[in-house]
Amino acid sequence: MFTGIDIGGTNTDIAVIDSQINTYKVPNTDGLDNALKKISSYGRLAISTSQPLNEIITGHPADIRTITIPGPGLVYPGAVKGSVSHRGDIVEPIDPEEIKKIMKGQHARAIAIAGKFSVRNDALEKQVYDIVSQFYSDEQIALSYPIGALNFPARIHTTKLNARIKGKVASLIRQIQRVNPDFFFVTSTGGLTSPARALDNSMLLFHSSPATVANGAYYLTKHENCLVIDIGGTTTELVPLKDGKPIFETVVLEGAKTMIQAVSAMSIPFGGDSCIRSDLCPFRAGSSRSFGGGEPTLTDALNVMGARIGDAERSEVLDHTTAQNVVHRYLETIASAVKEYHPEFLIGTGYLAHYLLSDIAERAQTVGIVPEHAASANAVGAAVSKVSLEVHIHVDSERKRLTLNGITYPYKDTRDEEHLLSYVTELVRDIARKEGAPEEDIEEIEVLYFSSYDVVRGWRVTAKITDLVLAIAPGISVEAL
């Protein structure tokens with residue numbers, strides 16, 4: 001049994017897939033605990049949530065104190081004494097008194113700690129953490145080494161964002177585990193990750209809803225090249241699929257690149273709960289009137305135009321002309337955005353897809369379908385996703401040092417690059433197995449990057465330095481096909 005949950009802005013969607021697909025919607029006003037109690041503890045549970053994204057977009061301005069360990073001669077905000085070389089050797093220790101002095105009287109909401117070469121040796125970051133943890137809780141401290149990649153400026157920025165949302169993710173984990181101790185999160189690329197890994201690198205959860213919609217739309221229709229239109233309560237997302245998979249792009253937030261890849265999607269700030277105040281507004285002020293809210297919304301306008309959604313009589317505070325104008329504006333806005341993609345085919349998902357997709361397709365001069373269970377396609381996508389990993393590996397034969405995403409693993413002398421690749425590939429599989437991945441999903445390991453060079457001293461080769469990036473690609477689990 002596969003169970004998927006997508007926690008949206010208006011509703012929590014649930015999909016249970018066994019011999020058949022069953023989907024449910026639970027209003028967020030009922031609370032996540034009630035939604036979790038509606039599902040069985042049997043089988044695999046995967047959860048997608050927009051809460052970390054909302055924390056960044058709508059939360060209070062971040063007050064994050066950054067402590068960086070860049071090494072001698074490098075100037076970064078929050079720089080302190082200490083240095084790790086590019087080969088992972090500790091060249092200069094930290095000064096504990098310097099860290100304590102920084103922390104005394106510190107009133108920042110959270111702390112981000114990042115060392116330039118901590119992904120080669122995490123010791124200094126951990127030493128700084130030990131001191132900072134005397135002043136702040138673990139949920140308020142983010143370290144950079146679990147991110148894995150070298151790019152220091154992007155890693156600092158990602159660590160600051162992790163520090164900002166780590167508390168939200170930790171609170172969500174506790175809430176879920178009270179009801180369902182074992183579960184996965186859906187990542188920004190549509191793969192699954194363990195709660196522990198999500199806590200270490202919370203930005204992995206950023207914008208996961210478009211990823212689940214992409215997986216769900218493909219699973220329900222098997223259309224490989226199309227545009228998915230997901231009509232939610234707060235926004236409408238456009239997600240292109242190519243060869244059955246979404247397109248990925250680097251996340252840029254607050255004017256800087258992060259180390260996170262996410263599904264490419266266009267977000268339009270109109271959805272079923274967008275309120276109407278003389279015109280359609282790009283925000284929600286509660287549920288639609290037809291579902292007990294106070295202000296009329298796009299959903300209410302559709303009821304005035306003839307739909308029967310919820311308690312349609314409560315929608316009749318809108319006059320027919322206003323409703324017609326609002327629906328027309330929405331359709332024209334979405335159709336105009338759709339035309340930018342030049343799609344041959346549309347897949348409609350979300351609760352209002354049955355009411356709106358045909359008109360959008362007609363205006364965009366294309367065709368499309370609304371599959372069964374389209375209203376909860378995001379939850380379906382969460383249910384069928386597979387565990388994915390991207391692991392940055394550094395191997396130094398002279399130091400006999402092997403690190404995977406900044407964590408030291410047993411070094412093994414290998415005869416050649418082929419044997420080294422075989423060894424580290426099995427290490428990656430072991431990580432995935434421990435996170436609950438079935439053997440069928442980890443058979444194929446992608447090599448995203450491979451670089452190896454000799455260290456020469458005195459006219460002879462003294463060492464070999466190898467850097468690799470291996471990945472278990474996100475997508476749909478073999479077990480669900």
Side-chain angles (χ1 to χ4, degrees), residues 56 59-136 138-167 200-204 206 250-261 390 392 394 396 401 403 405-408 465 467 469:
I56 291 173
H60 297 294
D63 180 18
I64 308 298
R65 180 63 159 91
T66 305
I67 298 175
T68 57
I69 316 168
L74 297 175
V75 179
Y76 281 89
V80 298
K81 182 181 178 182
S83 177
V84 172
S85 75
H86 68 285
R87 295 188 67 178
D89 299 323
I90 297 177
V91 178
E92 180 183 48
I94 65 164
D95 179 357
E97 294 305 316
E98 180 184 18
I99 308 302
K100 291 177 183 177
K101 185 177 179 181
I102 291 172
M103 298 312 300
K104 287 178 180 177
Q106 184 62 245
H107 298 292
R109 198 174 76 181
I111 308 295
I113 302 169
K116 181 172 176 60
F117 288 109
S118 61
V119 295
R120 302 278 170 83
N121 185 338
D122 59 11
L124 296 190
E125 274 196 19
K126 287 182 173 179
Q127 289 172 24
V128 173
Y129 170 86
D130 288 340
I131 298 169
V132 173
S133 62
Q134 298 172 28
F135 302 84
Y136 282 77
D138 176 73
E139 294 175 13
Q140 296 173 291
I141 309 169
L143 302 177
S144 85
Y145 75 85
I147 297 170
L150 273 176
N151 188 324
F152 195 36
R155 184 154 41 89
I156 292 172
H157 186 48
T158 307
T159 307
K160 289 175 65 177
L161 293 167
N162 282 340
R164 185 171 175 180
I165 64 176
K166 186 177 181 181
D200 282 341
N201 188 6
S202 298
M203 280 294 291
L204 285 172
F206 182 83
T250 300
V251 173
V252 177
L253 279 175
E254 299 173 353
K257 287 184 177 181
T258 71
M259 299 300 299
I260 301 299
Q261 293 286 303
E390 184 172 295
H392 296 256
H394 179 73
D396 187 328
R401 181 177 291 141
T403 59
N405 282 4
I407 300 173
T408 300
I465 307 295
D467 288 292
V469 180

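Scope of the values below: all heavy atoms of this structure, side chains included, with no hydrogens, waters or symmetry mates.
Between the side chain of Arg401 and the backbone N or O of Thr408, no donor-acceptor pair lies under 3.5 Å. Between the Asp95 side chain and the Glu97 main chain, a donor and an acceptor come within less than 3.5 Å of each other. Remark: the backbone N or O of Ser83 is not paired with any side-chain donor or acceptor of Lys116 at under 3.5 angstrom. No donor-acceptor distance shorter than 3.5 angstrom exists from the side chain of Ser118 to the backbone of Glu125, with no hydrogens or angles considered. A donor-acceptor contact shorter than 3.5 Å is absent between the side chain of Glu92 and the backbone of Pro72. When atom types are taken as modelled, the side chain of Arg109 and the backbone of Asp63 share no donor-acceptor pair closer than 3.5 angstrom. With hydrogens and angles disregarded, a donor-acceptor distance shorter than 3.5 Å links the side chain of His157 to the backbone of Leu253. Of the possible donor and acceptor atoms, one in the side chain of Thr68 sits under 3.5 Å from a partner among the backbone N and O of Pro77. With Asn405 contributing its side chain and Gly148 its backbone, the two residues share no donor-acceptor pair below 3.5 Å.
In terms of heavy atoms, Pro70 sits closest to Val80 at CD-O, 4.2 Å. In terms of heavy atoms, Tyr76 sits closest to Pro153 at OH-CG, 4.1 Å. The minimum heavy-atom distance linking Val251 with Gln261 is given by the pair CG2-C, 4.4 Å. For the residue pair His394 and Ile465, the shortest heavy atom distance occurs at CE1-CG2, 3.5 Å. Residues Phe135 and Lys100 approach most closely at CZ-O, 4.4 Å, considering heavy atoms. When all heavy atoms of Thr250 and Thr258 are compared, the closest pair comes out as CG2-O, 3.5 Å.
Summarising the geometry, atom CD1 belonging to Ile69 is positioned 8.5 Å from atom CD belonging to Gln127; distances are rounded to the nearest 0.5 Å. Rounding to the nearest 0.5 Å gives a distance of 11.5 Å between CE of Met259 and CD1 of Ile156. Taking CD1 from Ile113 and CD1 from Ile141, the interatomic distance works out to 6.0 Å, rounded to the nearest 0.5 Å.
Asn201 and Asn162 share a side-chain donor-acceptor pair at under 3.5 Å. Neither side chain, Asp200 nor Tyr145, offers a donor N or O lying under 3.5 Å from an acceptor on the other.
Within 6.0 Å of atom NZ in Lys160, 12 or fewer heavy atoms from other residues, nucleotides or ligands are found, so the atom counts as exposed in its surroundings.
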Intermediate values then yes/no, side chain to side chain contact (heavy atoms under 4.5 Å, CB included), Val119 and Leu150: CA-CA 7 Å; Val119 295; Leu150 273 176; 3.5 Å; yes

Asp396 vs Arg87, test: salt bridge (charged side-chain N to carboxylate O under 4.0 Å, His left out). Steps then yes/no. CA-CA 7 Å; Asp396 187 328; Arg87 295 188 67 178; 2.8 Å; yes

Test log, rule side chain to side chain contact (heavy atoms under 4.5 Å, CB included), inputs Ile111 and Met103: CA-CA 10 Å; Ile111 308 295; Met103 298 312 300; 3.9 Å; yes

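Using a 4.0 Å cut-off between a side-chain N of Lys or Arg and a carboxylate O of Asp or Glu, Lys101 and Glu98 do not qualify as a salt bridge. Salt bridge present: Asp467 and Arg120 bring a charged side-chain N and a carboxylate O closer than 4.0 Å.
Using a 4.5 Å cut-off on side-chain heavy atoms (C-beta onward), Leu143 and Thr159 make no contact. Looking at heavy atoms from C-beta onward, Ile99 lies in side-chain contact with Val132 at the 4.5 angstrom threshold.
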